[in-house]
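Just below is one structure, and these are the notes that go with it.
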Amino acid sequence: MQTSVIGYPRIGTLRELKFASEKYFKKEITAEELLRTGKALRKIHWNTQKNAGTDYISCNDFSYYDMMLDTAVLFGIIPKRYKELNLSELDTYFAMARGYQGNSGDVRALAMKKWFNTNYHYIVPEVEDDADIRLSGNKLWEEYAEAKALGIETKPVVIGAYTLLKLCRYQRRPLEAYIDAVIRAYQDLLKKCQEYKVAWIQFDEPALVRDMEEEDMALFRKIYDTVLPAGNKSCVLLQTYFGDVRDIYPELIKMPFAGIGLDFVEGKETFDLIEKYGFPQDKLLFAGLINGKNIWKNNYKKTLLTLEALKKKGIRTVLSTSCSLLHVPYTLKQESALSAEYLCHFAFAEEKLAELEELKNLIECKDYHSETAYQNNERLFAGDRDCKNKDVEKRLSLVTDEDYIRLPKRSDRQKLQKKAFALPELPTTTIGSFPQTKDVKANRSAYRRGEISEKEYVEFSRKKIAECVTWQEEIGLDVLVHGEYERNDMVEYFGEALGGFLFTEKAWVQSYGTRCVKPPIIWGDVYREKPITVEWSVYAQSLTKKIMKGMLTGPVTILNWSFPREDISIKESISQIALAIRDEVLDLERNGIRIIQIDEAALREKLPLRKSDWYEEYLDFAIPAFRLTHSGVKPETQIHTHMCYSEFTDIIPAIDDMDADVITFEASRSDLQILDSLKEHNFETEVGPGVYDIHSPRVPSVEEIADALHIMLTKIDREKLWINPDCGLKTRGVSETEASLKNLVAASLQIRGEV
Ligand code: GLN
Ligand code: ZN
């Protein structure tokens, strides 16, 4: 049996690519230096896989920003406004990813969306009406040749035509207008692969795990029946992940792919589909059995049982990861703070390579049951992790239906709150964090390393809070925030303060471009030991007569941005976290904080990819868990929530059901479509659709913001609209933040002056 890796992380064990890119953006290093860093990383990644014994190693899984953007560039899908900047190829690429403001012009970045049910974000390619889609880029072959020169035969990876067509954004001409051009481009791609003597090419088609209508299936057939005519000789691996392909499976297995990659981890029905429809002898099954998304060790017993069952059916199987390893950190070797009793339960990317190899050897043994590797693994899973907490269990069992309901009803609360706060109409606010400047980060890390005392740390943070409050007052914002200087990350910060979490030191995972996150690990039952944010918020409130928002992260987001347990359900973990956050909400209220924001930035993330599973498998417990955090507050206490990315058009009733008083969300980088849907559904919650994009360093003008507000006012009642940026400001610089917020306030004053 052979092994395959769908994709490998690319940011570097110590985030080398991130730091090099950021230096390049600041013009501190040249393009050549950045490219050299990329090349060095690719070499390490390939060699690591080769040395671990991986048989099918990918190339072109590397990216300077995002693989969807790479695919767009590969096929020349570059909007004119970026070409017209007349920048180098690399800078045009970055202009699409991050926007551009400089001597050559001023353009916004392309939209960014979450990659299926992950916390990775892809750049949405934009197909202009006169787009000329054709094979244009060279990256794929350059990387292939680069690996070959190192003596490594790789399989180039590229997003497949179906997923590409499905995820692009179009102008007036719809998707259908581009099918033929896309097919031709992929045909040319295959031709070129043959010229390069590429043995295998991997087309990633995760869009197949979503619900497929008859016309989707027709589209898929049309694409591949043309790209791969019957009798085709190129070894194409059709790779799927993040779920099962139940709609198209019976047809998929009849199509001329040399290999089909299926997900056995998230694909609930994958095995049943094989049982029911079989799997052809002439193809390889790439069985995704090693979880590419979570960090727990593989359960060998279960995996080997599946492999044996496949073997018995005579299926030629390649053991594979369930998805790209992009979603897990590099290696446990960097983790020196966690003791061996914890570490022995985990496998990051490198350790997963070792698992692939170990399993490959075990399945080939006559009797793997007697092998040490197998027995060690079995013992690990049979052991007790010591992660249960009786009090948590008891408290959860006492929660009643009433605990999920806040009274009085929202419309009554909103009236009371309007009176109590007496805010101007169209109130302005921000999402919470302010720029995390070098001194802020240095203060935190000095404290962490024990170089400064707690008193010094607190004093510095208080000084920053005081400056931030003054700053906001000077600019003229209405509802203030304390700036979140004490937080490294909105989830890690809470995880560290809660019982039941474990932390890593270097376990970074790419979220988008140069942004990485370090998700905590939920090890055991979760509970709050003592108040977390209260002192900071109370201090900030003491500095101003304006209202200070308390700032918390909600239970769904804490769970979604952590590595979850695999021994209890997600529902159970979320409920435990909800009770802990509820304690914090009530403590804030008790201490005079009158507006409390509970961020659910990642609410949509684990929404099942198939609609039929949405409620039962997720929303039916995620939404009530949010309500449990705030149902205990007084009517006058205003609850805000915030969501990144406005892609919730289809779950608007569920969002309204969170029963928050106000919601802010991203809207500027995607279009304002969501507003129509809010109106259509009679959305009750007050809303602050972000008026400018904080993921880009560019400063929006007053007119631009005022224009956005005018559009919003045609769809949202004036009494219900808030004015705020897209998201927190922590990743931005001070000067651009100041300029942008000033423009935001100026625009709000302008609009208030208009009737
Ligand atoms: N309150 C957080 C902040 O402002 C929210 C961040 C987020 O939504 N990702 O940073
Ligand atoms: Zn956000």
Side-chain angles (χ1 to χ4, degrees), residues 111-114 118-121 428-437 440-441 444 464-465 468 471-472 477 479-495 509-513 515-519 532-533 536-537 540 548-562 581 584-585 588 593 595-605 626 629 639-648 655 658 660 662-670 674 687-696 722 724-733 737 740-741 744:
M112 203 161 65
K113 278 191 181 165
K114 293 235 175 186
T118 72
N119 184 23
Y120 177 80
H121 307 67
T428 55
T429 190
T430 62
I431 308 304
S433 58
F434 267 67
Q436 292 256 335
T437 41
V440 173
K441 289 185 192 158
R444 268 203 321 266
K464 290 307 283 190
I465 292 176
C468 182
W471 191 19
Q472 294 172 78
L477 288 161
V479 172
L480 311 192
V481 298
H482 76 285
E484 300 183 23
Y485 299 110
E486 75 287 8
R487 304 185 190 180
N488 36 3
D489 171 273
M490 64 186 287
V491 168
E492 191 172 30
Y493 175 73
F494 285 92
V509 178
Q510 187 177 21
S511 171
Y512 67 86
R515 178 132 183 85
C516 299
V517 293
K518 193 151 62 64
I532 304 168
T533 65
W536 298 116
S537 285
M548 179 60 56
K549 266 199 283 194
M551 200 57 65
L552 305 175
T553 303
V556 187
T557 298
I558 292 184
L559 182 110
N560 285 354
W561 282 352
S562 302
I581 297 299
E584 188 71 12
V585 168
L588 282 170
I593 301 301
I595 298 187
I596 301 168
Q597 179 173 312
I598 309 166
D599 289 326
E600 282 295 14
L603 186 107
R604 204 191 148 108
E605 199 163 294
F626 181 85
T629 64
I639 297 294
H640 289 214
T641 187
H642 165 75
M643 287 177 58
C644 296
Y645 309 98
S646 53
E647 253 204 276
F648 50 82
I655 303 296
M658 292 163 78
V662 181
I663 179 167
T664 59
F665 54 84
E666 194 252 55
S668 74
R669 205 164 168 172
S670 57
I674 175 93
V687 287
V691 294
Y692 77 86
D693 174 16
I694 65 90
H695 302 89
S696 151
W722 287 67
N724 45 264
D726 257 342
C727 190
L729 302 163
K730 62 171 168 269
T731 55
R732 294 274 60 89
T737 301
S740 302
L741 289 179
L744 179 147

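Counting starts at 1 for both ligands and their atoms, following the listed order.
- Listed by chain and number, the residues in a salt bridge (Lys or Arg N to Asp or Glu O under 4.0 Å) with E605 are K114 (sequence neighbours excluded).
- Scanning both residues, T430 and P725, for their nearest heavy atoms gives CA-CD, 3.8 Å.
- Excluding waters, the protein N/O/S atoms found under 2.8 Å from the Zn ion (ligand 2) are H642 NE2, C644 SG, C727 SG.
- When every heavy atom of H482 is checked against every heavy atom of C468, the shortest pair comes out as O-SG, 4.0 Å.
- The closest side-chain heavy-atom distance from W722 to V479 is below 4.5 Å.
- The backbone N or O of T641 sits nowhere less than 3.5 Å from a side-chain atom of D599 that would complete a donor-acceptor pair.
- Closest approach of H695 to Y512, counting heavy atoms only: CD2-OH, 3.4 Å.
- Scored by the salt bridge (Lys or Arg N to Asp or Glu O under 4.0 Å) test, R604 finds D650 as partners (sequence neighbours excluded).
- Tested against H642 for a side chain to side chain donor-acceptor pair (under 3.5 Å), the candidates T553, T557, T664, N724 yield a single pass: T664.
- The side-chain contact (heavy atoms from CB on, under 4.5 Å) test with Q472 is passed by exactly one of V481, L741, T429, T428: V481.
- Closer than 4.0 angstrom to ligand 1 lie heavy atoms from I431, G432, S433, E484, M490, M551, D599, A601, H642, C644, C727, G728, K730.
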